[in-house]
Amino acid sequence: MMKIEAMIRPQKLEAVLEAVHELQLTGMTVTEVRGMGRQRGITYTYRGSQYTTPLSHKVKIELVVNDEMVEDAVRAIQEAAGTGEVGDGKIFLVPVADAIRIRNGERGEPAIS
């Protein structure tokens, strides 16, 4: 099993959700986050004055998939979230040793489906 963590642009969330849904993947967590990378923050204009915030708004998507679905899921997220510009985000893959469904104690891949 692998945990996929994707940091994407907020406006790309719906497209990513549709792409993941088409793969029939379930069990996703979505969190609004702020961070910085090469994009170096955002410059805003408010009442004629410009100010820059070092942290840009992103959405973090987390899902755990079986090993056979990892590449398909990564490809779907990358295609749906990508614009080709700086600030598109990142995808991280983290191995998952085990998963346990609290309700009935199922372990492993049955617990994530």
Side-chain angles (χ1 to χ4, degrees):
M1 293 179 291
M2 192 74 68
K3 180 178 181 182
I4 300 172
E5 294 183 3
M7 311 299 175
I8 63 169
R9 297 174 186 266
Q11 60 268 30
K12 290 294 191 171
L13 177 59
E14 289 301 319
V16 171
L17 291 177
E18 287 178 24
V20 169
H21 181 72
E22 286 179 18
L23 292 175
Q24 299 178 346
L25 296 174
T26 59
M28 177 186 315
T29 301
V30 177
T31 311
E32 291 183 24
V33 296
R34 294 177 11 151
M36 83 174 138
R38 287 188 185 169
Q39 196 173 2
R40 303 266 190 237
I42 305 274
T43 300
Y44 295 100
T45 302
Y46 180 73
R47 294 188 178 183
S49 298
Q50 285 191 343
Y51 67 96
T52 301
T53 62
L55 303 175
S56 58
H57 292 275
K58 298 289 183 193
V59 173
K60 180 179 180 181
I61 298 171
E62 299 172 275
L63 61 154
V64 177
V65 300
N66 61 38
D67 292 333
E68 297 81 37
M69 292 300 298
V70 172
E71 290 305 316
D72 290 338
V74 168
R75 186 172 25 263
I77 293 168
Q78 193 171 8
E79 289 174 3
T83 66
E85 298 176 9
V86 172
D88 278 350
K90 297 268 192 291
I91 298 173
F92 301 100
L93 302 177
V94 182
V96 174
D98 201 0
I100 302 161
R101 187 182 312 268
I102 293 173
R103 177 175 46 91
N104 59 13
E106 284 182 313
R107 294 185 80 120
E109 290 187 12
I112 65 169
S113 58

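Heads up: numbering here begins at 1 and tracks the sequence.
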In Å and rounded to the nearest 0.5 Å, what is the CG to CD distance from L13 to E18?
10.0 Å
Report, as yes or no, whether the 6.0 Å neighbourhood of atom CD on E68 holds more than 12 heavy atoms from other residues, nucleotides or ligands.
yes
If you look at every heavy atom in M2 and V96, which pair is closest and at what distance?
C-CG2, 4.0 Å
For I77 against A6, the heavy-atom pair lying closest together
CG2-CB, 3.9 Å
Is there a continuous path of hydrophobic side-chain contacts, each under 4.5 Å between heavy atoms, that joins I8 to L17?
yes
Cluster check L25, F92: I/L/V/M/F/W/Y, side chain < 4.5 angstrom
no
According to the side chain to side chain donor-acceptor pair (under 3.5 Å) rule, which pairs have a member within residues 92-113, sequence neighbours left out?
D98-R107, R101-E106
Given R9, K12, Q78, the one that forms side-chain contact (heavy atoms from CB on, under 4.5 Å) with D88
R9
Looking at every heavy atom in both A80 and A15, which two are closest together, and how far apart are they?
CB-O, 3.6 Å
Looking only at non-hydrogen atoms, find the nearest pair between L23 and A76 and report the distance.
CD1-CB, 3.8 Å
In one Ile/Leu/Val/Met/Phe/Trp/Tyr side-chain cluster, 4.5 Å: V64, M69:
no
Hphob cluster co-occupancy, V16 + V70, side-chain heavy atoms under 4.5 angstrom
yes
Considering only heavy atoms from C-beta outward, does the side chain of I61 approach that of I4 to under 4.5 Å?
no
Is any side-chain heavy atom of H57 closer than 4.5 Å to one of E32?
no
Which is it for L63 and T29 under the side-chain contact (heavy atoms from CB on, under 4.5 Å) test, yes or no, and what are the steps along the way?
CA-CA 7 Å; L63 61 154; T29 301; over 6 Å; no
Please report the closest heavy-atom contact between I112 and A99, naming both atoms and the distance.
CG2-CB, 3.7 Å
Are V59 and L93 connected in the hydrophobic side-chain network, where two residues link if heavy atoms are under 4.5 Å apart?
yes
